[in-house]
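Sequence positions, counted from 1, serve as the residue numbers for this chain.
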Amino acid sequence: MLEWLPSLHGYSAYCCNQVAAKSLLDHKRRQAAVQNFLQLCQESAFSRKLDVWSFLDLPRSRLVKYPLLLKELLKHTTPEHPDHKPLAEAVNSIQAIVTLINNKTGEAECEYYRRKLSYLYESEDQGVASSSRILHCHGELKNNKGHRLHVFLFEFVLILSRPVTQNDQLQFQVYRQPIPLKELVLEDLPDGEVRLGGSIRGAFTPGNERAKNFFRVSFQDRSRGQAHTLQANDTFNKNQWMSCIRQAQASVQGSGSYAGGPQETPCAVVDLSDLSLNCNEDCEKMEER
């Protein structure tokens, strides 16, 4: 195992390419001939009823099982056994490999979405986004006017965008001024405080249903840019967003500058959808509109 484990470094490039590969696959699926072919393949016995992405994602999902397997073996191996020492070394080796691949995969996803951002105005601050190496999460939220926005929480900045198609490719058009995390103010808004349409003051939505799951992000200096009142799908999703933003802010404040090095990440190559909060299918629906 100690001699073989270093060969797993070869999966680094594969995992880094998965973000672009998934995007290309989703793009090709919109062609009827491709979708019909993939559907026929999935319904055939040779595919074991699995979607093509299940096979493309298999190396990543297998990779994360090695640390679990080796830790379990080590757990049931007594310290006196001759396998105990090499097993402990193998556990440390695979954890280091998976952590390295996880870091590189996260940086690749961050870079992929940074390149997908489209800025309309020079006044929109691009510098903080370009210096970010981590994408904490992203997904769809609505503003208080009911408009769907795709929100990115990068290492140093929160960016609101609108999915658009340019040259038959999905892009994210930056909406208003990005908010650097060091300047961001996060507010939890009680249910019923926001009126759909803009006004605030204990308002109710049509049908006497209370407007729920809102929070607000704004600049500390309100003259720097617009505040945004955002609505999540449910309470859980709202709490996820607020927790993620708070953790990202704490990380930035702890680093002391925007030029910090890569942060420590847990030993797991996460699924592409794990970084997204309610993103993938909703994003495709938004693009179609």
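- Atom CG of Asn17 and atom CG of Leu56 lie 11.5 Å apart (nearest 0.5 Å).
- Put simply, the side chain of Leu149 reaches to within 4.5 Å of the side chain of Arg162, judged on heavy atoms.
- In this structure, Gln166 CD and Phe172 CZ are separated by 11.5 Å, a value rounded to the nearest 0.5 Å.
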For a side-chain contact (heavy atoms from CB on, under 4.5 Å) check, start with the C-alpha distance between Val151 and Val217, then their side-chain angles and the critical distance, and finish with the verdict.
CA-CA 12 Å; Val151 182; Val217 292; over 6 Å; no

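- Thr105 and Glu109 share no side-chain donor-acceptor pair at under 3.5 Å.
- Between Ala108 and Cys16, the shortest heavy-atom distance links the atoms CB-O, 3.6 Å.
- In this structure, the side chains of Asp191 and Thr235 stay at 4.5 Å or more apart for every pair of heavy atoms.
- In this structure, Phe55 belongs to a hydrophobic cluster whose other members, linked by side-chain heavy atoms under 4.5 Å apart, are Leu50.
- Between Tyr113 and Phe152, the ring-plane angle classifies as tilted under the 30° and 60° cut-offs.
- When all heavy atoms of Ala248 and Leu153 are compared, the closest pair comes out as CB-CD2, 4.1 Å.
- The CG atom of Leu230 lies 11.0 Å from the CE atom of Met242; values are rounded to the nearest 0.5 Å.
- Looking only at side-chain heavy atoms (C-beta outward), Leu120 and Val174 stay at 4.5 Å or farther from each other.
- Cluster membership for Leu74 and Trp4, using ILVMFWY side-chain heavy atoms within less than 4.5 angstrom, is shared.
- The closest side-chain heavy-atom distance from Asn143 to His228 is not below 4.5 Å.
- Atom OH of Tyr112 has more than 12 heavy atoms from other residues, nucleotides or ligands within 6.0 Å.
- With hydrogens and angles left out, the side-chain atoms of His84 and Glu80 include no donor and acceptor closer than 3.5 Å.
- Here the closest heavy-atom approach between residue Leu158 and residue Leu181 is recorded as N-CD2, 4.0 Å.
- Using a 4.5 Å heavy-atom threshold, the side chains of Phe154 and Leu117 count as touching.
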Check the pair Lys182, Gln220 against side-chain contact (heavy atoms from CB on, under 4.5 Å), reporting the backbone distance first and the verdict last.
CA-CA 9 Å; Lys182 283 190 172 182; Gln220 293 176 358; over 6 Å; no

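- Contact annotation: the side chain of Ile97 never approaches that of Tyr66 to less than 4.5 Å [non-hydrogen atoms, C-beta and beyond].
- Classification of Arg133 and Glu155 as a salt-bridged pair fails, no side-chain N sitting under 4.0 Å from a carboxylate O.
- Judged by distance alone, with hydrogens and angles left aside, the side-chain atoms of Ser23 form no donor-acceptor pair with the main-chain N or O of Val19 at under 3.5 Å.
- Applying the 6.0 Å contact sphere to NZ of Lys116 captures more than 12 heavy atoms from other residues, nucleotides or ligands.
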Evaluate the side-chain hydrogen bond (donor to acceptor under 3.5 Å, both in side chains) criterion for residues Gln247 and Ser243: first the C-alpha distance (whole Å), next the side-chain angles of each, then the deciding distance (0.1 Å), finally the verdict.
CA-CA 6 Å; Gln247 291 177 19; Ser243 175; 3.1 Å; yes

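- Closest approach of Cys110 and Ser132 over heavy atoms only: SG-O, 3.5 Å.
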Give the intermediate values and the outcome of side-chain contact (heavy atoms from CB on, under 4.5 Å) for residues Lys104 and Cys15.
CA-CA 8 Å; Lys104 290 185 176 180; Cys15 292; over 6 Å; no

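- Of all heavy-atom pairs between Phe219 and Pro180, the closest is CE2-CD, 3.8 Å.
- With hydrogens and angles disregarded, a donor-acceptor distance shorter than 3.5 Å links the side chain of His81 to the backbone of Asp83.
- Taking the side chain as every heavy atom from C-beta outward, Met1 and Pro86 never approach each other to under 4.5 Å.
- Rounded to the nearest 0.5 angstrom, Arg60 CZ and Lys65 NZ are separated by 9.5 Å.
- Here Ser223 pairs with Asp221 under the side chain to side chain donor-acceptor pair (under 3.5 Å) rule; sequence neighbours left out.
- In the hydrophobic clustering of ILVMFWY residues, with side-chain heavy atoms under 4.5 Å counting as a link, Leu100 and Val91 come out apart.
- Note on Glu111 versus Arg114: salt bridge recorded, some NZ/NE/NH1/NH2 to OD/OE distance being below 4.0 Å.
- Residue Lys238 comes nearest to Leu189 through the heavy atom pair NZ-O, 3.3 Å, listed as atom of the first residue, atom of the second, then distance.
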Would Phe215 and Leu141 count as a side-chain contact (heavy atoms from CB on, under 4.5 Å) here? Give the steps.
CA-CA 10 Å; Phe215 63 94; Leu141 294 170; 3.8 Å; yes

Throw together a table of side-chain donor-acceptor distances under 3.5 angstrom for residues 32-48, partners on residues two or more places apart or in other chains.
unit_1: Asn36; atom_1: ND2; unit_2: Ala32; atom_2: O; d: 3.1
unit_1: Gln39; atom_1: NE2; unit_2: Glu43; atom_2: OE2; d: 3.0
unit_1: Ser44; atom_1: OG; unit_2: Leu40; atom_2: O; d: 2.7
unit_1: Ser47; atom_1: OG; unit_2: Cys41; atom_2: O; d: 2.7
unit_1: Ser47; atom_1: OG; unit_2: Gln42; atom_2: O; d: 3.0
unit_1: Ser47; atom_1: OG; unit_2: Ser44; atom_2: O; d: 2.9
unit_1: Ser47; atom_1: OG; unit_2: Lys49; atom_2: N; d: 3.3

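- Interatomic distance, Arg224 CZ to Arg222 CZ, rounded to the nearest 0.5 Å: 13.5 Å.
- Checking side-chain atoms of Asn167 against main-chain N and O of Gln169 turns up no donor-acceptor pair under 3.5 Å.
- Taking OG1 from Thr77 and CD from Glu72, the interatomic distance works out to 10.0 Å, rounded to the nearest 0.5 Å.
- Salt bridge absent: Asp57 and Lys22 never bring a charged side-chain N and a carboxylate O closer than 4.0 Å.
- Both Tyr14 and Val52 sit in one connected hydrophobic cluster of ILVMFWY residues. Membership requires side-chain heavy atoms under 4.5 Å apart, directly or through other members.
- Contact check for Ile101 versus Ser12: side-chain heavy atoms found under the 4.5 Å cut-off.
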